Number of protein chains: 2
Amino acid sequence: MARVRLIDVAELAGVSMKTVSNVVHNYVHVAPALRQKVQAAIDELGYKPNLTARRLATGKTGMIALAIPEIDHPYFSELSRCIAEEASRRGYRVIIEQTLSDTVAEHAVLQDREAGLVDGVIFHPVRMQALELARSQRDTPLVLLGEAAVPVTTDHVMIDNVAAARDGVRHLVALGRQRIVFLGIVADDITVTTTRRLLGYQEALVEAGIPLDPELVLTVPDFTPESCSAAIQAAIASGLTFDAVLCRDDKFAVGALQGLHRAGLDVPREVAVVGWDDTALTSFTRPTLTSIAPDKARLASTALDLLEERMRGHQGSGRHRLVPHSITVRESAPAIPG
Amino acid sequence: MARVRLIDVAELAGVSMKTVSNVVHNYVHVAPALRQKVQAAIDELGYKPNLTARRLATGKTGMIALAIPEIDHPYFSELSRCIAEEASRRGYRVIIEQTLSDTVAEHAVLQDREAGLVDGVIFHPVRMQALELARSQRDTPLVLLGEAAVPVTTDHVMIDNVAAARDGVRHLVALGRQRIVFLGIVADDITVTTTRRLLGYQEALVEAGIPLDPELVLTVPDFTPESCSAAIQAAIASGLTFDAVLCRDDKFAVGALQGLHRAGLDVPREVAVVGWDDTALTSFTRPTLTSIAPDKARLASTALDLLEERMRGHQGSGRHRLVPHSITVRESAPAIPG
DNA sequence: GTGAAAGCGCTAACAT
DNA sequence: ATGTTAGCGCTTTCAC
């Protein structure tokens, strides 16, 4: 640890701690001569301010926590990057906590059993229910991401999942597709994300005058591409016919692409595929993947806007912000009917 | 912020701060009656220890910094996860810093202009030279990852890149491949990683009695799959013949796969492909990707072993640890000659 | 414009 | 086994 302290510098320079502090903080009203002398002492001693001590004195940590399910899921790692960069632009450091979609870990985030570690928390819950969230009384500012739990009492940022799903279906319908699979519902999954997307899917079909067919809504056992590939192949084997797939996630789309290929179906000619999240995966697939694109940078900046207001003492009830989304068109569901 | 302090609890419970502290820390020698009374006071007041204050008093932060080039590169996000999980197992929190392979940012990591934020640093440099690293005098323990800069003075963990590249080539040779492309050298890239891998590639060829052909070593303008795809197609167009590709990175392999497909070559029948890092990408590609697999969990635990020793005061000169690697065989370069 | 001193909330050595 | 007290290094009124 750094053994040279503010007072050491002060003594060497023959000034008070206050003056050294002023120099460190680049305060305006310091006599140039003093400033030079102090700076010389700092350099000579190699003084580095102790952040922990500063924090204790000021009560601000300059750090925010980002709690996400998995750091190595493409969507979350890309989102983390956006948030980390935006935070750093605003002078904060980010500490990332992985919940692994675990109920206990999510509660731990909410609980914040220890205070004074971060000034605020950005949390993307998966398991936690709105009611539980609402009940938790915290003293560290909190902003929620995603749509898993939306208590009215807490600030919250998301894209309009219903509208986005609708846009995805509309794009497919514009391509002339009529039999559109939704992939998929995850067995035992209690998140509302899928529900919202499924709702938008249905709305768009109704809007287009396409009859709803429950058979077209596929269920998969888990979140892996392998399961999606298997589900698609099983559906085809069972005689289901379709000409498009709307996936709730790019990883699902990767699985769909694999399954369709194994089944000998051409994408996008026979079946068009739309993914979700517009992660880097979209350009790694064959064909490249059209995907619903949440504006991650806006998500990050909006979340930080809300959080900073809270950290400054804003006390109002929960604000809910919708962030724009778009659809990035690539080969798997091109702009011109394929 | 938490306004209830240790002393508030002590007063309410009618005991000293020490006793409260003992209860908080689950010390053994506390009279059961007192423990109950204190716990009741803690619960009633909703007391949460202030970590910053504890840190200032103990001098330990319980946090380590992980500095990597990009948080959303598959290899680094997976490695981050391993390190975060291992660190959490050992009672540390991790704060992730992105350098974006920027020289200035890398220097900032080394500089540690502010002390007392973390107990130690794990750093994967890209730009920084060994000499610069060696010259920096730091007071926070440091462990280096990767092979970009290997000063003798600093602890360091990596896989044997030369041996790993050799293993990759041997695998291809065992499949009967003789014309093996190395993909690739990145123009303007000054990292030594590629150099090591290229060396192992050459060694294995010599060992197998296969003549070296400089034409087979491809150069790409940057790290994107698109560039790799283009480079492969250009090579084919120029008349280069080959039956295998060893890639320095899974993302390169994704590009190679795309390029080969566009050129109408079948993988693995006509050309076998081996990637590097064994990231999740390997199962997303078509065909799935055989890849050199650094043992990321061992990388993480070894780095933390070394770091913890340093944090405990170990003073010796730099230790250099090699971590095992293997090759995960998938479709793109199967075990049985394809 | 600069100095002196009182905390920030906790830990740990020392005392009882 | 429990209480007392002196710091940890910095910031920040308040005087000068």
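The sequence lines fix the lettering, A, B, ..., with proteins before strands; numbering per chain opens at 1. These numbers were taken from a predicted model, which means no experiment stands behind them.
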Any donor-acceptor N/O pair, Arg90(A) side chain to Ser301(A) backbone, under 3.5 Å:
yes
If every non-hydrogen atom of Glu85(A) is compared with every non-hydrogen atom of Leu100(B), which pair is closest and at what distance?
OE2-CD1, 3.7 Å
Taking the side chain of Ser16(B) as heavy atoms from C-beta outward, which of dT2(C), dC10(C), dT4(D) is closest to it?
dT4(D)
Specify the separation, in whole Å, of atom CG of Leu56(A) and atom P of dG9(C).
7 Å
Round to a whole Å and report the spacing from CG of Leu6(A) to P of dG7(D).
18 Å
In this structure, CG of Leu117(A) is separated from OG1 of Thr140(A) (nearest 0.5 Å) by 9.0 Å
Using 0.5 Å steps for rounding, measure from the CG atom of Leu34(A) to the NE2 atom of His29(A).
14.5 Å
Separation of dA5(C) P from Ile7(A) CD1 (nearest whole Å)
11 Å
Rounded to whole angstrom units, what separation is found between the CG atom of Leu117(A) and the C1' atom of dC10(C)?
15 Å
Inspect the contact between Arg89(B) and Glu86(B) and indicate whether a charged nitrogen and a carboxylate oxygen are less than 4.0 angstrom apart.
yes
Sorted by position of nearest nucleotide on DNA chain D, 5' first, the leading residue of Thr58(B) and Val15(B) is Val15(B)
Are the charged groups of Asp305(A) and Arg298(A) less than 4.0 angstrom apart, N to O?
no
So does Ala303(A) get a backbone contact from the side chain of Arg321(A), meaning a donor-acceptor N/O pair under 3.5 Å?
no
Would you mind reading off the distance between Leu51(B) atom CG and dC8(C) atom P, rounded to a whole angstrom?
18 Å
Rounding to a whole Å, what distance do you find between Glu11(B):CD and dG9(C):C1'?
14 Å
For Arg5(B) and dG9(C), give me the distance from atom CZ to atom P, rounded to whole Å.
6 Å
Please state how far atom CE in Met17(A) lies from atom P in dA6(C), giving the value in whole angstrom units.
13 Å
Closest heavy-atom contact between Arg127(B) and Asp102(B)?
CG-C, 4.4 Å
Based on the rotation axes of five pairs at each end, what angle does the helix from dG1(C)-dC16(D) to dT16(C)-dA1(D) bend through, to 10°?
30°
Side chain of His156(A), backbone of Gly146(A): donor and acceptor closer than 3.5 Å?
yes
Mind running a 4.0 Å heavy-atom check of residues 18-46 of chain A against DNA chain D and sending the residues that fall below it, in number order?
Lys18(A), Ser21(A), His25(A)
